[in-house]
Amino acid sequence: MSIAHVELHPGELGVPGYLTPRVKGVPLAGVLPALRQDPLNFFVRAARDHGDVVALQLGLQPALMINRPDDIRYVLQDNQYNYEKSRYVHVLKPILGAGMFLAEGAEWKRQRQSSARGFQGCHLKKMVGEMGDVANDLVDRWAVQEQRGQAIDIGPEMMRVTLDVVLRCLFSVDDDAIYDQVYKALSVILRNTERRIWSVVSPPTWVPTPENRRFQAALKSLDDFVASVIAKRRAASEPGEDLLQILIDSYDALPAGKRVPSLLRDQVLSLILAGHDTAANALAWTWYLLSKNPSAAVRLRAEVDATLRGRTPEFADIENLRFTKMVFQESMRLYPPLWTFSRDAVEDDRIGKTPVRKGTTVILCAYAVHRRPELWPNPEGFDPDRFDPEKGPGHSRFAYFPFGGGPRTCLGARFAMLEAMIVIAKVMQRFHLDIVPGQNISPEPMITLRPRGKLLMRLSRV
């Protein structure tokens, strides 16, 4: 069923007699067929054609798509306790278990508070050196490929560099052999999980299909890796000074009855998974946009050269890489890695003028909100100057939420911004990146928003 044929009409939601724009869909399945066929276009059109609130039927599940910044703030911040992570994230349970990203209530708060200590300013300053080392390793590896005239697939390259940053900075792991093991396992797991999100019917992971056996083998590989990292740290003569040590100490401080053996594993794996995938995709889209907008690339390179004069970026340099930051922010506006997420209403409520019944799924689609012409002039255009701090905020806080919002805002947002700016600056010192002609580049809306298929780019020395 094409989205062009979805019938749109007013309908009831929550309170009899209250009308809100509603996408009708088809009997029983609702809008799911159209949503699976082209989710990005579906959500953009729904927001464009029907405004601040749109009622949807996801099979038997009632849902509201909210597109007004004040309403988004209400769900994520003002009345956060009435909106828990939705049933659609349960597909991540076999991977992330009871880790912070699926936890709720007091357990989430405890994990959040302990993990936050690892991202404080004093730790971030130390991490910048490691990030610079990773960026140097990246450009040295690319120098070999450039000499051979090899094009690079930018998606996996960014996955590699961001995973390297996470392992070195948060867990003090620096081992190429381990990197290959973790990267391959994560690739299998993410692809399997993404298929499950959009599948009408998926066999449970314990059913011994060939795909599930690959999934279980990859999950065991990750479990073995995490167990070895934790065991090595516990056996070390001196405690570490990184996030891993904070997680271990926080776990050990729990009452004996709450020290579930898998909990520490779940926390570590959650941070590895979330810490590299979103940043990698945001960087991949940044290189794509810079290649399509050469005047912005020239301006960015001029800023990098004037600020660094060939040096690897240090913490004190970050505030002077203003346009570099603006480019990355605009990239995340057009291609937010966390392109959509949802919450389920715990009790009956009202969002603005719209009644919400208990159990309703509330959808927040950053990809669509970031493209609303009411909020963003020329929304499809690439314009980093939207984020120029000297012009003041040109948008309300919750018109832009690539890292989520409210108390559950991405814990590693500052970490990801630092990492991206350092990698971008270092690469721009050494290389031009140009899209290989003839490719049809489009976004693939899975767990995160990534380029569909390969994104091949040609390297040339600056």
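Quick caveat: nothing in here was measured; it's all calculated off a predicted structure.
- Side-chain contact check for Phe323 versus Asp388: every heavy-atom pair is 4.5 Å or farther apart.
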Stepwise salt bridge (charged side-chain N to carboxylate O under 4.0 Å, His left out) check, Asp52 with Arg372: CA-CA 10 Å; Asp52 293 341; Arg372 293 195 72 187; 3.0 Å; yes

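- In terms of heavy atoms, Met100 sits closest to Ser270 at N-OG, 4.3 Å.
- With hydrogens and angles ignored, the 3.5 Å screen pairs no side-chain donor or acceptor of Asp344 with any backbone N or O of Ser86.
- Checking side-chain atoms of Glu314 against main-chain N and O of Val128 turns up no donor-acceptor pair under 3.5 Å.
- A salt bridge does not link Arg309 with Asp305: every distance from a Lys NZ or Arg NE/NH1/NH2 to an Asp or Glu carboxylate oxygen is 4.0 Å or more.
- At least one side-chain heavy atom of Phe415 sits less than 4.5 Å from a side-chain heavy atom of Met131.
- Remark: the backbone N or O of Gly406 is paired with a side-chain donor or acceptor of Thr409 at under 3.5 angstrom.
- Listed here is the closest heavy atom pair of Val161 and Val134: CG2-CG1, 3.3 Å.
- Centroid-to-centroid, the aromatic rings of His370 and Tyr335 stay 6.0 Å apart or farther.
- With respect to the salt-bridge test (charged N to carboxylate O, under 4.0 angstrom), the residues Asp434 and Lys292 do not qualify.
- Ala296 approaches Phe382 most closely through the heavy-atom pair CB-CE2, 3.8 Å.
- Rounded to the nearest 0.5 Å, atoms CD (Glu303) and CG (Asn320) are 8.0 Å apart.
- With a 6.0 Å radius and a threshold of 12 heavy atoms from other residues, nucleotides or ligands, Glu241 has its CD atom at or below the threshold.
- Exactly one residue among Lys426, Arg168, Arg160 makes a side chain to side chain donor-acceptor pair (under 3.5 Å) with Asp137. That residue is Arg168.
- Nearest heavy-atom pair, Phe387 versus Glu330, reported as atom, atom and distance to 0.1 Å: CE1-OE1, 3.3 Å.
- Under the 3.5 Å distance criterion, with hydrogens and angles disregarded, no donor-acceptor pair is assigned to the side chains of Thr205 and Asn212.
- Taking a 6.0 Å sphere around NZ of Lys85, one finds it holds more than 12 heavy atoms contributed by other residues, nucleotides or ligands.
- The pair Lys126-Asp242 fails the salt-bridge criterion, with no side-chain N (NZ, NE, NH1 or NH2) lying under 4.0 Å from an Asp/Glu carboxylate O.
- A donor-acceptor contact shorter than 3.5 Å is absent between the side chain of Ser331 and the backbone of Val327.
- Residues Glu419 and Thr162 have side chains that never bring a donor and an acceptor to within less than 3.5 angstrom of each other.
- By the 4.0 Å N-to-carboxylate-O rule, Arg458 lies too far from Glu146 to be salt-bridged with it.
- The shortest distance between side-chain heavy atoms of Tyr83 and Leu76 does not fall below 4.5 Å.
- Looking only at side-chain heavy atoms (C-beta outward), Arg414 and Leu124 come within less than 4.5 Å of each other.
- Checking Gln267 against Ser115 by side-chain atom types alone, no donor-acceptor pair falls below 3.5 Å.
- A salt bridge links Arg73 with Asp70: the distance from a Lys NZ or Arg NE/NH1/NH2 to an Asp or Glu carboxylate oxygen falls below 4.0 Å.
- Relative to the ring axis of Trp376, Arg371 does not place its NZ or CZ within 45° and under 6.0 Å from the centre.
- Val423 and Ala135 get closest at one heavy-atom pair: CA-CB, 4.3 Å.
- Closest of all the heavy-atom pairs between Val75 and Ile66 is CG2-CD1, 3.6 Å.
- Looking at Phe43 and Leu56, their side chains come closer than 4.5 Å, going by heavy atoms from C-beta outward.
- With rounding to the nearest 0.5 Å, the separation of NZ in Lys325 from CG in Leu300 is 14.0 Å.
- Phe403 places a side-chain heavy atom less than 4.5 Å from the side chain of Met332.
- Taking CG from Asp153 and NZ from Lys454, the interatomic distance works out to 6.0 Å, rounded to the nearest 0.5 Å.
- Put simply, the side chain of Val165 does not reach to within 4.5 Å of the side chain of His276, judged on heavy atoms.
- One distance of note links CZ of Arg452 with OG of Ser442; it measures 4.5 Å at 0.5 Å rounding.
- A donor-acceptor pair shorter than 3.5 Å cannot be found between the side chains of Thr307 and Asp317.
- For the pair Phe101 and Trp108, the minimum side-chain heavy-atom distance is 4.5 Å or more.
- There is a side-chain donor-acceptor pair under 3.5 Å between Thr448 and Asp277.
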